[in-house]
2 protein chains.
Amino acid sequence: MKNKKSICDLEQCQEIGQTCAVFNLRKASRAITQLYEEMLRPSGILPTQFTLLVAVRGMGPIAISKLADQLVMDRTTLTRNLKPLERDGLLRVIPGMQDQRSREVKVTQKGINQLGIALPLWRDAQRKIRKALGDSRLDRMLDDLSAVVEAAYIH
Amino acid sequence: MKNKKSICDLEQCQEIGQTCAVFNLRKASRAITQLYEEMLRPSGILPTQFTLLVAVRGMGPIAISKLADQLVMDRTTLTRNLKPLERDGLLRVIPGMQDQRSREVKVTQKGINQLGIALPLWRDAQRKIRKALGDSRLDRMLDDLSAVVEAAYIH
DNA sequence: TCATACTAAGTGTATATGCACTTATTCATG
DNA sequence: CATGAATAAGTGCATATACACTTAGTATGA
């Protein structure tokens, strides 16, 4: 006989592609990112940057570590993602008052203006994906995604 | 009155965070990637590399552009993602026969061995996420993700 | 108080992602 | 067949992601 059942044969690999959670989530993530990038392009802001701006705006001035936790993002990733937005003046990172180690992130007026420009484009994108999936299916998927985060995130 | 309804107020931004498709998909993608990275660590291979190996194995020798299409990935991204796997001898990129421009990707024996090592760890990760979500919910989500790809991908 | 543990953040390195541009080959059409 | 259009792939640049390590403050306890 050959190997002990020829580990990793073709059909097996094809089935893995259809059932693998990380592969399919990342694939969908790439696809949806491309859609939103296309739709947001006229505003000159990337989808990741738009969502980061929105998050900071929604959570008020917030320390980097806390923000990273909320975003399920490595703190050092967040630090670097803040850079282009800070460079473009859309948000500012200021020293924390109580704790001299911490630094707090804050959306600037320019950032708010930028959000105002991007928001209708974001709404168009949302409408597009919502129309394609249907209201209930999209809401359901958002729930499922939350469950994935709960299940997967290592606290 | 202030602005024409104070575009981008706090509550609005909080609601965006809960309903934004790209934000929540990317967040879940980060979370699940971290889980699989953790679980696959003993094999010394990253989740993205594992899924790429599986894809190439499942599709047989395949040209870069075709593979990129299948993975809903920019061709140039794929080109660079192949590099570490090629460097480590897990796959090879060889000139296409019919078309001298094309190059075909192929898993090596070493790559197949590596897949054999990673596969049980991947199964553990799959079991974990499947148990957390439940069979039907996970299958449903995979369907929904396919629908997102269909809806979002610009062909 | 002072030494030690803990915590917040930054940096080095590596991979992942994609756009704009370029190069090389193939195809189609006059 | 020759030339221009189309296609396959690579490179430069920028952003996104995270681990390992470092630095600088804070808190704890003998």
Side-chain angles (χ1 to χ4, degrees), chain A residues 22-23 25-38 40-41 44-52 62-69 71-88 90 93-105 153-154, chain B residues 22-23 25-38 40-41 44-53 62-69 71-88 90 93-105 152-154:
Chain A
V22 69
F23 170 67
L25 262 166
R26 289 184 71 91
K27 186 167 70 168
S29 175
R30 286 193 293 270
I32 197 85
T33 301
Q34 281 171 33
L35 172 66
Y36 278 71
E37 186 175 328
E38 173 84 13
L40 288 177
R41 186 165 318 224
I45 196 173
L46 297 172
T48 44
Q49 303 182 338
F50 173 79
T51 55
L52 183 48
I62 182 174
I64 290 182
S65 286
K66 281 199 202 308
L67 181 56
D69 281 348
L71 300 178
V72 191
M73 183 183 286
D74 189 89
R75 177 187 51 79
T76 68
T77 298
L78 177 57
T79 293
R80 289 170 216 264
N81 289 359
L82 293 174
K83 286 287 158 58
L85 294 167
E86 208 180 353
R87 177 201 62 203
D88 297 343
L90 304 181
V93 184
I94 56 181
M97 0 254 105
Q98 289 89 6
D99 193 332
Q100 296 304 112
R101 293 169 300 181
S102 76
R103 292 174 11 102
E104 299 203 329
V105 192
Y153 191 47
I154 297 109
Chain B
V22 69
F23 171 66
L25 262 167
R26 290 184 71 91
K27 186 166 70 168
S29 176
R30 285 193 294 270
I32 198 84
T33 300
Q34 283 172 30
L35 172 67
Y36 278 70
E37 186 175 327
E38 173 84 12
L40 288 177
R41 187 166 317 223
I45 197 172
L46 296 172
T48 44
Q49 301 181 340
F50 173 80
T51 55
L52 184 47
L53 265 188
I62 182 175
I64 291 181
S65 285
K66 280 199 202 311
L67 181 55
D69 281 348
L71 300 178
V72 190
M73 181 183 287
D74 189 89
R75 177 187 52 78
T76 68
T77 298
L78 177 57
T79 293
R80 289 167 217 264
N81 289 0
L82 294 174
K83 285 286 159 57
L85 294 167
E86 208 178 356
R87 178 199 61 202
D88 297 342
L90 303 181
V93 184
I94 57 181
M97 2 251 104
Q98 289 89 6
D99 193 330
Q100 296 304 111
R101 294 169 298 181
S102 76
R103 292 174 10 105
E104 298 203 330
V105 192
Y153 191 48
I154 297 112

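To find a chain, count down the sequence lines: A is the first, B the second, and so on, and within it residues start at 1. When reading the values below, keep in mind they use all heavy atoms of this one structure, side chains included, and skip hydrogens, waters and symmetry mates.
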Along DNA chain C (nearest heavy atom to each residue), the more 5'-positioned of B:Pro84 and A:Glu104: A:Glu104
Test of understanding: with side-chain contact (heavy atoms from CB on, under 4.5 Å), list the residues that count as partners of [X], not counting sequence neighbours.
X: B:Leu46; result: B:Glu37, B:Thr48, B:Gln49
X: B:Ile62; result: B:Met59, B:Lys66, B:Leu67
X: A:Ser65; result: A:Arg75
X: A:Asp88; result: A:Leu90

Take the protein atom [atom1] of [X] and the nucleotide atom [atom2] of [N], then report the distance between them rounded to whole Å.
X: B:Ile64; N: C:dA24; atom1: CD1; atom2: P; result: 17 Å
X: B:Lys83; N: C:dG18; atom1: NZ; atom2: P; result: 16 Å
X: A:Asp74; N: C:dA8; atom1: CG; atom2: P; result: 14 Å
X: B:Arg30; N: C:dA16; atom1: CZ; atom2: C1'; result: 14 Å
X: B:Gln49; N: C:dT17; atom1: CD; atom2: P; result: 11 Å
X: B:Leu40; N: C:dT15; atom1: CG; atom2: P; result: 16 Å
X: A:Ile32; N: C:dT17; atom1: CD1; atom2: C1'; result: 16 Å
X: B:Leu53; N: C:dA16; atom1: CG; atom2: C1'; result: 16 Å

N/O (side chain, B:Arg101) to phosphate O (OP1/OP2, C:dT23) under 4.0 Å: no
N/O (side chain, A:Arg103) to phosphate O (OP1/OP2, C:dG10) under 4.0 Å: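 For C:dG10, OP1/OP2 do have a side-chain N/O of A:Arg103 under 4.0 Å.
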Non-neighbouring partners of A:Asp74 that pass salt bridge (charged side-chain N to carboxylate O under 4.0 Å, His left out), sequence neighbours left out: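 Partners of A:Asp74 by the salt bridge (charged side-chain N to carboxylate O under 4.0 Å, His left out) criterion come out as none, since no residue qualifies.
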Under the salt bridge (charged side-chain N to carboxylate O under 4.0 Å, His left out) test, residues paired with B:Asp69 that sit two or more places apart: none
Expected output: side-chain A:Ser29 to main-chain A:Leu25 donor-acceptor under 3.5 Å: no
DNA chain D: 5'-proximal contact among A:Met73 and B:Lys66 (nearest heavy atom):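 Mapping each residue to its closest nucleotide by heavy atoms, the 5'-most match is B:Lys66.
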Closest-nucleotide ordering on DNA chain D, the 5'-leading residue of B:Glu37 and B:Asp99: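 Counting from the 5' end, the first nearest nucleotide belongs to B:Asp99.
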Separation between CD of B:Glu104 and CG of B:Asp99, rounded to the nearest 0.5 Å: 9.5 Å
DNA chain D contacts among residues 75-82 of chain A, heavy-atom distance under 4.0 Å: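 Those residues are A:Thr76, A:Thr77, A:Arg80, A:Asn81.
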Range on DNA chain D touched by chain B, heavy atoms, distance below 4.0 Å: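 Result: D:dA6 to D:dA20.
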Candidate pair A:Leu71 and A:Leu52, rule side-chain contact (heavy atoms from CB on, under 4.5 Å), full reasoning: CA-CA 9 Å; A:Leu71 300 178; A:Leu52 183 48; 3.7 Å; yes
Counterpart residues, side-chain hydrogen bond (donor to acceptor under 3.5 Å, both in side chains), relative to B:Arg80 (two or more places apart):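 Per chain and number, B:Arg80 pairs via side-chain hydrogen bond (donor to acceptor under 3.5 Å, both in side chains) with no residue.
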Partner set under side-chain hydrogen bond (donor to acceptor under 3.5 Å, both in side chains) for A:Arg30, not counting sequence neighbours: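 For A:Arg30 there are no side-chain hydrogen bond (donor to acceptor under 3.5 Å, both in side chains) partners, ignoring immediate neighbours.
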Intra- and inter-strand pairs of DNA chain C in dot-bracket (Watson-Crick or G-U wobble, both distances under 3.5 Å; | for another strand): ||||||||||||||||||||||||||||||
A:Val105 vs A:Leu78, side-chain contact (heavy atoms from CB on, under 4.5 Å): CA-CA, chis, key distance, verdict: CA-CA 11 Å; A:Val105 192; A:Leu78 177 57; 5.9 Å; no
